[in-house]
Amino acid sequence: MRINAHGQSTKVCGVYVHCQTDLVSRWRQLYDGTFEFDGNRAILFNVDEPLPEGALRHCIAMALTYHHAKSN
């Protein structure tokens, strides 16, 4: 997982994960309408808008525990 600017944008950031995980599809099911998505690779958010902190924390926690959760 990494957090970075989206492309050349100075206003849009993304939380990027490996595209072969199912994380983005799971995030879409949970948070459609909360975030924009970039394929199966990232959730995107505008830096000028309020962050949905609870949703973002949950997505980051899911990414950080992805392999542990898959092994259980």
Side-chain angles (χ1 to χ4, degrees):
M1 178 188 76
R2 69 182 171 93
I3 299 173
N4 203 359
H6 183 64
Q8 299 297 315
S9 177
T10 60
K11 299 289 182 180
V12 179
C13 288
V15 175
Y16 295 86
V17 294
H18 194 284
C19 62
Q20 292 180 343
T21 68
D22 65 350
L23 283 166
V24 175
S25 65
R26 291 167 55 196
W27 293 341
R28 268 195 182 97
Q29 290 175 352
L30 294 168
Y31 298 112
D32 188 34
T34 303
F35 296 111
E36 290 185 39
F37 299 91
D38 182 15
N40 60 348
R41 185 85 174 116
I43 54 175
L44 305 175
F45 48 92
N46 188 313
V47 298
D48 290 335
E49 295 176 9
L51 273 177
E53 288 185 35
L56 186 57
R57 285 176 198 243
H58 185 227
C59 292
I60 290 171
M62 289 173 71
L64 293 174
T65 59
Y66 179 77
H67 290 292
H68 177 71
K70 287 297 235 186
S71 67
N72 286 336

Participant: Between Glu36 and Val12, is a side chain to side chain contact (heavy atoms under 4.5 Å, CB included) present by the stated rule, with each step listed?
Facilitator: CA-CA 10 Å; Glu36 290 185 39; Val12 179; over 6 Å; no
Participant: Is any side-chain heavy atom of Ile43 closer than 4.5 Å to one of Cys59?
Facilitator: yes
Participant: Give, for atom OH of Tyr66 and atom CG of Leu23, the distance between the pair rounded to the nearest 0.5 Å.
Facilitator: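 Reported value, rounded in 0.5 Å steps: 5.5 Å.
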Participant: To the nearest 0.5 Å, what is the distance between CD on Gln29 and CG on Asp32?
Facilitator: 10.0 Å
Participant: Quick one: closest heavy-atom pair of Ala42 and Val24, and the distance?
Facilitator: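 That would be N-CG2, 3.6 Å.
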Participant: At their closest point, which heavy atom of Ala63 faces which heavy atom of Val17, and how far apart are they?
Facilitator: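 Looks like CB-CG1, 4.2 Å.
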Participant: Roughly how far, to the nearest 0.5 Å, is CZ of Arg57 from CG of Leu51?
Facilitator: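 It is 10.0 Å, given to the nearest 0.5 Å.
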Participant: Of all heavy-atom pairs between Cys19 and Asn40, which one has the smallest distance, and what is that distance?
Facilitator: O-ND2, 2.9 Å
Participant: With the 4.5 Å side-chain cut-off for hydrophobic clustering, are Tyr16 and Val47 part of the same group?
Facilitator: no
Participant: How about Leu56 and Glu53: do any of their side-chain heavy atoms sit closer than 4.5 Å?
Facilitator: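 Side chain of Leu56 against side chain of Glu53, heavy atoms only: no contact under 4.5 Å found.
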Participant: For the CD1 atom of Ile60 and the OG1 atom of Thr65, what is their distance to the nearest 0.5 Å?
Facilitator: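 Nearest 0.5 Å value for the CD1-OG1 distance: 11.5 Å.
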Participant: Taking only residues at least two apart or on different chains, which pairs with a member in residues 22-59 satisfy ring pair (Phe, Tyr, Trp, His ring centres under 6.0 Å)?
Facilitator: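 Qualifying pairs: Tyr31-His58.
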Participant: On a heavy-atom basis, which atom in Leu44 and which in Gly14 lie closest, and how many Å separate them?
Facilitator: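 Nearest pair, atom of Leu44 first, then Gly14: CD2-CA, 3.9 Å.
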Participant: In the structure I gave you, are the side-chain heavy atoms of Met1 and Val15 within less than 4.5 Å of one another anywhere?
Facilitator: yes
